[in-house]
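Note that the structure is a prediction, hence the values are computed from the model and not measured.
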Amino acid sequence: MERKQLKRLPIGMQTFSEIRETNCLYIDKTEYIWRMKELSNYIFLSRPRRFGKSLLVSTIQAYFEGRRELFEGLAIGQLEKEWKEYPVLRFDLSLGKHMDKSQLERLLIFIIEENEKRFGLKSDHIDPNVRLMNLITRVYEQTGHQVVVLIDEYDAPMLDVVHEDEKMPQLRQVMRNFYSPLKACDPFLKFVFITGITKFSQLSIFSELNNLKNISMLPEYATLCGISESEMVSQMADYIDRFALRQHITHEETVGLLKKQYDGYHFTWPSPGIFNPFSLLNAMQDCELNSYWFTSGTPSYLIEMMRKFNVMPSDICTMEGSADDFDAPTETMTTLLPLLYQSGYVTIKDYNKQFKFYTLDIPNQEVRVGLTKALIPAYITTNTVLVNNTVRRMAQNLSKDNLNEMLSLLQQFLLTIPQCDNTHYEGHYQQMLYIIFSLLGMYVDVEVRTATGRVDMVMRTGNRLYIIELKINKSAEEAMKQIDLKDYPARFTLDHLPIVRVGINFDCNKHTITEWEIKELKKD
């Protein structure tokens, strides 16, 4: 039996006042608000979707509206002494998806009208930018106080058309015009806070707002959104215990599972690991390690952009780049890296201070498996039920170190996949195996460098390391000879795992495996 009544978890709640008034769990981020207002009057923050940006905006709104009672017991309640009240204009652009130019302009007018009604104002201007300037100046004149402007998901109207060469420039111009009054209205503004997924420099719509401070990669704001491990362990200990009780595991084992599944985000370096808050809260509620964030809205534009840039599934793993590579303009980007990073599919894992480059990789198990599943229809087959059932049976055999039976299952599975183009080269089968092996939940890498060449594929399980060489229309024996000739296993002796050599031959006419050899490397 559960020992105590826990606070309700704020799942699906993005309004700060509702969370506080209903006594829900709240991870205190208010000290960061104090820091931001002392840092600059114009702040920009980018974070992936469902990382708490809207809740942060709501919290900032309550603070500037002077709602002191909501902050009792929180950090800013001790820091703030004056509690002045300012008029707040809030613009939520998350509704501006899948729209053309005229629809977007009508939405902007509607959002402005909603803010006008709050202050008893009316206007007949039809241009959103003129209407916004009029709203700011009239609210300032009416209240006698500078105005706070909060813009949430500023880039939502453009994300779904980022791969459309005709539509993107039109929507970008609409948004650039809409935001342009923020520079002219500077004397009337107390504080401006803008959130989004992509960086403002990438859409070039804030070119005139040259005093906008981007805090997205500043170390002191690393944990502004999301939940750190220390916050989880200290403020969610009872929920961890409940999870452990339901799963019949220890508190420590639960923390380890949650870290592997949902932790691993870093938005600067050095930085503590950040949990995806949406997934973590849902997992704590259900006491299950399900895929919450990924299944809540995998954007189709990501798959489209992968096709546009000829990105292979295995390319979305360990990458290197400078910070400028993350900030490359989206509409002119030459790689998929900026979109992958800002959308949360890869994150910072290390930083080389001497040469100023970052190492990026997929953050955690939820994203790795979720992304792999999303790629199945595009790269393997639309019969995802068949894939899932096959992968489950393969995983069962792999867990017993029965690679022979696992490859037999794979052989039969590949015979069921409809023929497609470009199947006469090794890379096709390499990418297909990469996706399938990734679904097994194991570490998989391709084209791994060694002192004597490149290994086609390496897969690491809990108790084995598999070195896999692929051949097409040749033989498994030839694949095994290449492993031995180039002494690939020597590269992995420090892993301290038993090494298994695997040679696989594909028949491009039959579109499946025809033979394989498996040899475990004997220890001296």
Side-chain angles (χ1 to χ4, degrees), residues 29-47 51-66 76 79-80 84-94 108 111-112 115 128-140 143 145-158 172 174-222 224-225 267-268 323 326-327 329 342:
K29 304 289 185 178
T30 59
E31 180 182 350
Y32 294 108
I33 298 175
W34 176 266
R35 293 186 197 173
M36 286 191 293
K37 80 178 188 66
E38 297 296 312
L39 176 68
S40 173
N41 292 338
Y42 296 82
I43 299 287
F44 174 83
L45 173 73
S46 68
R47 287 293 184 268
F51 250 80
K53 299 187 297 296
S54 295
L55 175 57
L56 177 61
V57 170
S58 177
T59 308
I60 295 173
Q61 179 178 357
Y63 166 69
F64 278 105
E65 288 177 342
I76 205 169
L79 294 169
E80 182 59 78
K84 292 182 179 180
E85 182 177 347
Y86 295 92
V88 178
L89 302 177
R90 182 174 177 180
F91 303 90
D92 182 358
L93 275 297
S94 63
L108 295 176
I111 295 174
I112 293 173
N115 279 275
N129 57 330
V130 176
R131 192 79 166 259
L132 176 59
M133 177 176 288
N134 183 66
L135 173 61
I136 293 172
T137 55
R138 291 180 66 186
V139 168
Y140 172 77
T143 63
H145 295 288
Q146 287 179 302
V147 179
V148 173
V149 174
L150 307 177
I151 302 172
D152 194 12
E153 302 290 356
Y154 87 96
D155 53 351
M158 292 161 287
R172 183 176 64 240
V174 171
M175 298 310 302
R176 178 185 293 169
N177 291 340
F178 175 67
Y179 295 126
S180 60
L182 295 177
K183 177 68 176 293
C185 290
D186 179 71
F188 313 114
L189 296 173
K190 172 65 179 177
F191 186 75
V192 175
F193 183 67
I194 301 170
T195 78
I197 292 177
T198 54
K199 303 281 199 315
F200 68 89
S201 60
Q202 292 169 326
L203 295 175
S204 305
I205 61 176
F206 294 112
S207 56
E208 296 181 5
L209 201 60
N210 51 19
N211 55 348
L212 189 60
K213 180 65 176 178
N214 184 359
I215 65 170
S216 303
M217 291 186 68
L218 295 184
E220 53 267 40
Y221 297 97
L224 173 57
C225 289
F267 302 107
T268 184
F326 312 156
D327 290 329
Q342 293 141 35

query: So do the side chains of Leu218 and Lys213 get within less than 4.5 Å of each other, counting heavy atoms only?
result: yes
- request: Please name the pair of heavy atoms, one in Arg172 and one in Met158, separated by the smallest distance, quoted to 0.1 Å.
  value: CA-SD, 3.8 Å
- prompt: If you look at every heavy atom in Met175 and Pro157, which pair is closest and at what distance?
  reply: SD-CG, 4.2 Å
field: Euclidean distance, Tyr63 OH relative to Lys37 NZ, rounded to 0.5 Å
entry: 4.0 Å
query: Would you say the side-chain atoms of Ser46 pair up with the backbone N or O of Ser216, donor to acceptor, closer than 3.5 Å?
result: no
- prompt: With a 4.5 Å limit on heavy-atom distance, are the side chains of Arg90 and Asp152 in contact?
  reply: yes
N/O donor-acceptor pair under 3.5 Å between Lys53 side chain and Arg47 backbone: yes
message: Taking the side chain as everything from C-beta on, heavy atoms only, tell me whether Ile215 gets closer than 4.5 Å to Met36.
response: yes
statement: Nearest heavy-atom contact between Pro187 and Gln146 is O-NE2, 3.2 Å
- request: Nearest 0.5 Å please: distance from the CD1 atom of Ile111 over to the CG atom of Leu89.
  value: 12.0 Å
statement: Between the CG atom in Asp155 and the CD atom in Gln342, the distance rounded to the nearest 0.5 Å is 9.0 Å
message: With a 3.5 Å distance limit and no angle check, can you tell me whether Tyr154 reaches the backbone of Phe44 through a side-chain donor-acceptor pair?
response: no
Geometric class of the Tyr140/Phe188 ring pair [parallel <30°, tilted 30-60°, perpendicular >60°]: tilted
task: Quick one: pull up CZ in Phe91 and CD1 in Ile194 and give me the separation to the nearest 0.5 Å.
output: 11.0 Å
field: Gap separating the NE2 atom of His145 from the OG1 atom of Thr143, nearest 0.5 angstrom
entry: 6.0 Å
Closest non-hydrogen atom pair, Ala156 against Ser94: CB-CA, 3.9 Å
message: Could you tell me if the side chain of Ile112 sits less than 4.5 Å from the side chain of Phe178, heavy atoms only?
response: yes
Side-chain touch Leu224/Leu56, heavy atoms, less than 4.5 angstrom: yes
- prompt: Under the side chain to side chain contact (heavy atoms under 4.5 Å, CB included) criterion, do Ile151 and Leu93 qualify, and how do the steps go?
  reply: CA-CA 7 Å; Ile151 302 172; Leu93 275 297; 4.0 Å; yes
message: Any heavy-atom pair between the side chains of Leu150 and Val88 that's under 4.5 Å?
response: yes
- prompt: Can you say whether the rings of Tyr32 and Tyr221 are parallel (under 30°), tilted (30 to 60°) or perpendicular (over 60°)?
  reply: tilted
field: Under 3.5 Å: donor-acceptor pair, side chain of Ser58, backbone of Ser54
entry: no
- request: Hey, could you give me the CD1/CD1 distance between Ile33 and Ile76, rounded to the nearest 0.5 Å?
  value: 5.0 Å
query: What about Tyr86 and Phe191, are their ring centers closer than 6.0 Å?
result: no
Criterion side chain to side chain contact (heavy atoms under 4.5 Å, CB included) on Leu182 and Leu212, from CA distance to verdict: CA-CA 10 Å; Leu182 295 177; Leu212 189 60; over 6 Å; no
query: Any side-chain heavy-atom pair from Phe193 and Leu45 closer than 4.5 angstrom?
result: yes
field: Flag side-chain contact, heavy atom, 4.5 Å: Val174 against Leu108
entry: yes
